[in-house]
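Protein chains get the first letters and strands the later ones, always in sequence-line order, with residue 1 at the start of each. On a predicted model such as this, the values are computed, not experimentally measured, just so you know.
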Amino acid sequence: MLLRIVNMVRKEMIQFSRDRLLALFIVLAPMLQLILLAQNTGRGIRDQPLVIVDLDHSRLSRQLTADLENTEELKVQFYSDDMAEMRRLLDTGQARLAVIIPAGFGRNVSNTSSSQQIQIVADGTSVIAASISMATAAGVVTNFAADLAESFGLVMPEFIDFRTNVRFNPTLNARDFTIPAQLGFIVYQVTLAVAALGLARERELGTLEQLMVTPLRRIELAAGKAIPAIAIGMVNFAAMLVISQVLFHVPMNGSMLLLAAMTLLFVVAVANWGVALSSFSRTQQQAILLVFIQVMVEIALSGYLVPVKNLPGVLQVLSRLSPLQHYLTIVRGVMLKGAGWEALWPQAAALAALGVATGVVALRSVIRRLD
Amino acid sequence: MNPRRLAAILRKEMLHIFRDSRNLFLVTVSPAFLLFLLAYIFSFEVSQLRLAVMDLDRSPLSRRYVAVLTNDQDFVLARTIDRYDAIEPLLAAGQIDVGLVIPPGFADTIYAGRAAQVQAIIDGSDAFAGRQAISSLGTKSARFVAGAGGVSLVAQPIEMRTQTFYNAGLKSLNSMVPGLLAVVLLMPTLALALALTREKESGTFEGLVATPVSGAEYLLGKLATYIFMGLVSACLAWLVAVFWFQVPFRGSLPVYLLLAADYFLACMGVVVVVASFVRSQQTALFIVLLVFVVPSFFLAGLIMPVETGSVGGWLTSFALPSTHFVEISRTVFLKGLGLGYLLRPALVLLGMGLGALAAALALFRKRAA
């Protein structure tokens, strides 16, 4: 039995290596993708174009402008004294935020009896960018007001001395957070896509009949299709890990061996599910369609773009069935938090259970669909 | 170029699409279906951070402080603990996001007019959530101090007014649905990539080459069919966005469809070029997945704005057709502006499409010769 599986795996590997472009895309493209995504994501909101409508032209208004410019999130790109101009800049998307300083601001603000109104207008089409840049500008204005109050002799009492202590990622480096997630996505999509097309391709090209007349048993056929996908997934994982350590210096606070072992659990679960999808599909096209929908939904459900805890009940249950979600917790846990077996065993158990369940589904559907 | 032969190709492609119900689904209904699914996931994004509180003071004031921190959607009180070393394992296991330590004598210190020290231990592994926690805790503490009993309100020299244009109340759904349209409308492009490679895989491509149909007729026929079907799918997805999710549509539908055709032309043009090198559907899947779909989630400005800080990042985003369509879609939906405001992204897409088409024709001639 073992020999037959080995032969089947060998046949698969020969097929992959024959299609050069495919081999290239399976190994090199994921690496390029990681580098591209890692370099260009995760820096958060920076340099959002800001238009200052300064109707005052005083020392104070210039000072406030300088304070706004001194943030990482905002970049003053336009000065204007015309509200219509501001509207046009927001319309065309050249500016994403506007801060309006009213006429007489500098003169009247020192007259503490009346408070002066600063207006902040955000382009709401991109919600996250809008809320963060708005909060930043509001913070700048608040601090500016506090300094001003102090200079008038009004003391702002500080009754809570707030100490923050950030664990696991003290500089709040977003890249350390995004790269492990991207690693998970890439291993996931490659493994699933390789596993899901295997049987469907044989069926479409008519070579499945030939396999059926060999002494190969169903379980051996399923294993022979899953193992190459698992191997390719693990190779990809190793490559991604090297890139993330060498190129991007993502910390590895936990045990690499533990991470590799848990990755194996993850890849097995994904590959099994891929084989199951493959046996459901009559054509490659159908398999591809299923893979596509699955990958999109899984990325959405993984907890990277939207925190799982904020999902509504049904989707939360659904996301527990997503191996990717458990795996992302593991990768981040091991790499950033240095978490060990005691913290991560629930995720590992979930992956193992998913692996067994998908294995059973895959095997049953291979048996049923082939006879 | 012979219009009769072009029509014949169009008819053949339509037959292919309509004969196979799965293909028909892929080309027409799948974008609407995916939009439906994805929008549900992306619409619930109020991030709530879980707080564990170790209150060593146990005074009415400290309880009020915790109440102020958790009185809106930002924080939820997940645990109360009484040992300092319980915080770390909870953070490591991801059961809480913030551990807050209120020292003994918290109330007495404040009433005495001195600053009380509060410590927050924050999970920084999610940098965005970490930043959000710090800024939100700071704001809320300041608000608490301002309202705390016996403390006079501080005079405010400046009053602030904030306002959002185009999307009042910053509704995430209104922003995500038009953006997600750019992602889901990649499905017709995938269908074209598969159709092109399948013809090679199953050997019917040779048959076509042997007919008098020219390369230009073949490519244009295919492209026209899939762009047309893509527009049908865009209409269906638009219906879902406007009637099911009730996203305001302030622009004009003809402009929207015209620009959607522009988007299809760019994506499909690139796919036609790529397909001339690719022999198997599996490779086509990898290319569409790795080149179009996954980067579109992260680099096209869908969630985070397009990175303008580095040249490489800007170039990557610029080269992705979906970046331009995210912009177009949000502008037409939410800003309600016409073609005049969208010339830049529209022309970029048109340039990509025509350039790719020219390259594809040149490649095609070389192969056929």
Side-chain angles (χ1 to χ4, degrees), chain A residues 19 21-22 25 29 33 37 40-41 46 90 92 109 112 115-127 129-131 134 141 145 148-149 154 156 158-169 172 174 177 197 284-286 288-289 297 300 306-307 310-312 332 336-337 339 343, chain B residues 22 26 37-38 41 44-45 47 91-93 110 115-122 124-127 130-131 134 138 141 145 154-167 170 172 175 194 280-283 285-286 290 297-299 303 305 307-309 313 316 330 334-335 337 341:
Chain A
D19 189 341
L21 204 62
L22 180 63
F25 262 94
Q33 198 188 14
L37 290 178
N40 301 317
T41 58
R46 287 178 20 162
L90 286 176
T92 54
V109 84
T112 40
S115 66
Q116 284 296 299
Q117 205 174 69
I118 297 276
Q119 209 183 340
I120 301 174
V121 180
D123 172 350
T125 50
S126 179
V127 168
S131 61
M134 212 149 77
V141 174
L148 217 58
L154 297 167
M156 282 276 239
E158 199 178 351
F159 284 115
I160 293 188
D161 172 10
F162 210 74
R163 300 274 162 99
T164 51
N165 178 353
V166 178
R167 306 319 283 274
F168 315 127
N169 180 9
L172 286 177
F177 170 68
L197 289 198
Q284 287 188 73
Q285 195 188 22
Q286 199 178 349
I288 288 170
L289 180 64
V297 171
V306 185
N310 298 334
L311 291 173
R332 271 185 215 142
L336 303 181
K337 301 185 186 175
Chain B
R22 281 184 298 272
L26 178 59
L37 230 82
L38 292 177
I41 298 174
F44 300 90
E45 50 94 68
S47 5
L91 282 175
I110 288 187
Q117 231 180 59
V118 173
Q119 199 192 9
I121 299 129
I122 294 167
S125 55
D126 180 344
R131 291 217 176 108
I134 292 179
S141 301
V145 167
V154 183
Q156 284 288 325
I158 297 179
E159 190 187 321
M160 217 173 353
R161 267 254 195 105
T162 56
Q163 191 186 353
T164 44
F165 279 2
Y166 318 120
N167 180 12
L170 280 182
S172 147
S175 159
L194 297 183
S280 68
Q281 290 183 70
Q282 195 169 17
T283 319
L285 162 71
F286 268 100
L290 295 174
F297 271 106
F298 301 105
L299 303 177
I303 297 163
E307 179 78 46
T308 48
T316 316
R330 282 187 176 151
L334 301 174
K335 296 187 178 176
L337 298 171
Y341 283 89

**OP:** Heavy-atom pairs under 4.5 Å with chain B are the metric here; pick the option from A/S126, A/A122, A/A129 that has the most.
**Re:** A/A122
Subject >> Any B/Y166 side-chain heavy atom under 4.5 Å of A/T125 side chain >> reply: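 Counting from C-beta outward, B/Y166 and A/T125 do come under 4.5 Å.
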Original post:
Can you tell me how far the CD atom of A/Q286 sits from the CG atom of B/L194, to the nearest 0.5 Å?
Top reply: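 One finds 12.5 Å between CD of A/Q286 and CG of B/L194.
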Original post:
Can you tell me how far CZ of B/F286 sits from CG of A/L197, rounded to the nearest 0.5 angstrom?
Top reply: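 Separation between the atoms: 7.5 Å.
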Original post:
Are the side chain of B/K335 and the backbone N or O of A/L90 linked by a donor-acceptor pair below 3.5 Å?
Top reply: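 Yes, B/K335 side chain to A/L90 backbone: donor-acceptor pair under 3.5 Å.
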**OP:** Report yes or no: does A/K337 contribute a side-chain atom to a donor-acceptor pair with the main-chain N or O of B/L91 at less than 3.5 Å?
**Re:** yes
**OP:** Of all the heavy-atom pairs spanning B/S175 and A/G124, show the shortest one and how long it is.
**Re:**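 Shortest heavy-atom contact: CB-O, 4.3 Å.
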**OP:** Mind listing the closest non-hydrogen atom pair of A/Q284 and B/Q282 along with its distance?
**Re:**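 Heavy-atom minimum between the residues: OE1-N, 4.0 Å.
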